[in-house]
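In what follows, a structure is listed as structure tokens, so that the remarks can point back to it.
So that the names make sense, note that chain A is the first sequence line, chain B the second, and so on, each numbered from 1.
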Amino acid sequence: MDELMASHIGAFMLGQLTISLSEDEAVLAGPGPCPIDTEVVATPEAIREWVRIDALGRYRPLSGARTLRPNWHATFATLAALDEAIEAVYPLAQAHIAAWDEGTLRVVGLDEVLARQTGRYRSAASLSQEGRDLASSLLCAGCVRVPVWRRDYPAAGEIPCPEPCSVLVSYCREAVSWEEEHPAPRAIDPLVPFAAFEQPGNALRETYLYLPGVPL
Amino acid sequence: MTGGKRGLLLAGHGSHLDANSSAPIFAHAARVRARGCYDEVKVAFWKEEPGLSRAFDAFTAEDITVVPVFISSGYFTEEVLPRELGLATVGRTVRYAAPVGAHGALAAVIIQRAREAGAGPADAVAVLGHGTPRNPNSEKNIYAQAERVRTSGAFAEVTTVFLDQEPSMHNVFEMTAATTIVAVPVFVADGWHVGTTIPADLALDGAELRRDGRTLRYARAVGTHELVADVILALAAEAPLWTS
């Protein structure tokens with residue numbers, strides 16, 4: 001028995017995960033009412049491979065997206081193994097929670113991140129403030145991480161997000177072209193990849209273009 | 001007290017669109033971790049998580065070596081990685097290695113990949129790089145690796161072709177004389193280019209193409225070979241202290 005695990009007996013949520021600790025095992029379960037359907041091999045590699053794909057077989061480039069496959073679990077014998085699995089699902093989440101709790105988390109805002117881009121992402125810095133607000137609100141609404149860089153405040157156990165991710169930078173880059181070219185929204189096509197923002201039918205593209213008050 | 005702990009960071013590109021792009025880097029990290037040479041071995045990506053700009057957040061080591069798992073030297077290794085990693089302000093001892101594509105030991109991996117695809121002493125090997133007309137530095141490591149493979153004498157002919165610049169991979173039959181040619185993609189992953197665009201552009205039938213009694217065979221990506229872990233460790237051992 002892992003003595004450290006025995007001292008943490010109980011269950012708690014982290015993002016879409018449910019983590020249950022007993023005297024002799026730790027169970028990591030995905031979302032859904034029936035966490036016994038699929039047993040995933042309890043290695044970081046297997047867990048990482050499992051969570052890279054959603055229930056429709058689509059790649060999940062945003063680790064915090066609320067699209068984890070439902071009804072699965074993995075069982076670990078030690079807290080160290082559990083930590084590695086959590087890291088595979090939500091990279092850096094544990095480090096960022098700890099740093100936030102200690103008041104040492106380095107926070108970087110969207111303006112700074114966009115301003116430092118070069119190459120094909122340099123244009124993202126020309127996105128209007130309204131466009132930045134809309135892009136971040138749409139993307140971050142579907143993510144379990146709480147954007148403390150936007151001055152949102154995580155509740156206990158929630159994962160703070162200290163800096164806009166590369167997916168948001170890409171989204172902002174495409175939004176610049178939408179502000180310039182005013183494309184008409186199309187129907188959402190679930191087969192279009194999550195981050196293929198330039199492709200008509202992309203859910204985040206069409207939602208951005210459809211919403212009233214969009215800065216076009 | 002964390003003094004004396006050594007960390008190794010493998011910095012890669014990753015992808016928002018290809019689920020397999022970062023797989024070789026995670027695999028190399030696991031191999032390097034198993035060797036036990038470093039107290040901490042982590043990964044970070046330009047286009048995946050953990051992101052480059054937060055790469056040091058979970059390290060406890062104060063002495064960290066960064067190895068760019070990139071083929072080319074240039075824009076990414078000289079501008080994007082140092083900036084995103086915040087090397088100028090990280091506040092720890094950082095050693096910054098040359099990219100994987102620059103190390104001489106990678107030539108042995110190219111030779112190995114060619115042999116795995118059936119290349120023998122009478123055959124031609126085409127070292128296939130990405131290249132880009134936008135950055136003249138992009139081709140340098142590919143040409144240097146091809147020269148090392150040529151100097152090894154393992155194959156009758158060694159040529160260099162590119163996906164996105166001249167000399168184009170489409171000219172590989174005209175650039176060689178051997179009956180059998182093995183094209184070895186010097187890419188990090190068996191991703192979109194290696195798995196989809198190159199086979200489609202070359203009109204490969206499976207892993208080969210037959211034309212006028214000659215055969216072009218297609219090897220797996222160099223960057224996915226387990227021997228790349230040795231290249232990473234060699235680069236890390238040679239990495240100089242970062243100076244901005």
Original post:
Under the 6.0 Å and 45° cation-pi test, does B:Lys47 pair with A:Tyr121?
Top reply: yes

**OP:** Side chain from CB out, backbone as N, CA, C, O: work out which of these in A:Pro162 comes under 4.5 Å of a heavy atom of chain B, or both, or neither.
**Re:** both

Original post:
For B:Ala23, is it the side chain, the backbone, both or neither that has a heavy atom under 4.5 Å from a heavy atom of chain A?
Top reply: neither

Original post:
chain A heavy atoms under 4.5 Å from B:Arg54: which part of the residue, side chain, backbone, both or neither?
Top reply: both

Original post:
Are there more than 12 heavy atoms of other residues, nucleotides or ligands under 6.0 Å from atom CH2 of B:Trp192?
Top reply: no

Original post:
What do you reckon, is CZ of B:Arg31 surrounded by more than 12 foreign heavy atoms closer than 6.0 Å?
Top reply: yes

If we define contacts as heavy-atom pairs under 4.5 Å, which of [options] has the most with chain B?
options	answer
A:Arg58, A:His96, A:Arg106, A:Glu49	A:Arg106
A:Leu92, A:Val113, A:Ile53	A:Leu92
A:Gln94, A:Gln117, A:Arg116	A:Arg116
A:Ala95, A:Cys165, A:Ser63	A:Ser63

Original post:
Looking only at heavy atoms, what is the nearest atom pair of B:Leu17 and A:Pro193, with distance?
Top reply: CD2-CB, 4.1 Å

Subject >> Given B:Glu48, B:Glu49, B:Glu84, B:His16, the one that forms side chain to side chain contact (heavy atoms under 4.5 Å, CB included) with A:Ser166 >> reply: B:His16

Subject >> A:Glu45 and B:Phe26, any side-chain heavy atoms less than 4.5 Å apart >> reply: no

Subject >> Most contacts with chain A, counted as non-hydrogen pairs under 4.5 angstrom, among B:Arg134, B:Lys42, B:Glu79 >> reply: B:Glu79

Subject >> Under 3.5 Å: donor-acceptor pair, side chain of A:Tyr59, backbone of B:Ser15 >> reply: yes

Subject >> Under 3.5 Å side-chain donor-acceptor pair for A:Thr118 and B:Tyr75 >> reply: yes

**OP:** Scan side-chain atoms only and decide if A:Arg52 and B:Ser22 contain a donor-acceptor pair under the 3.5 Å cut-off.
**Re:** yes

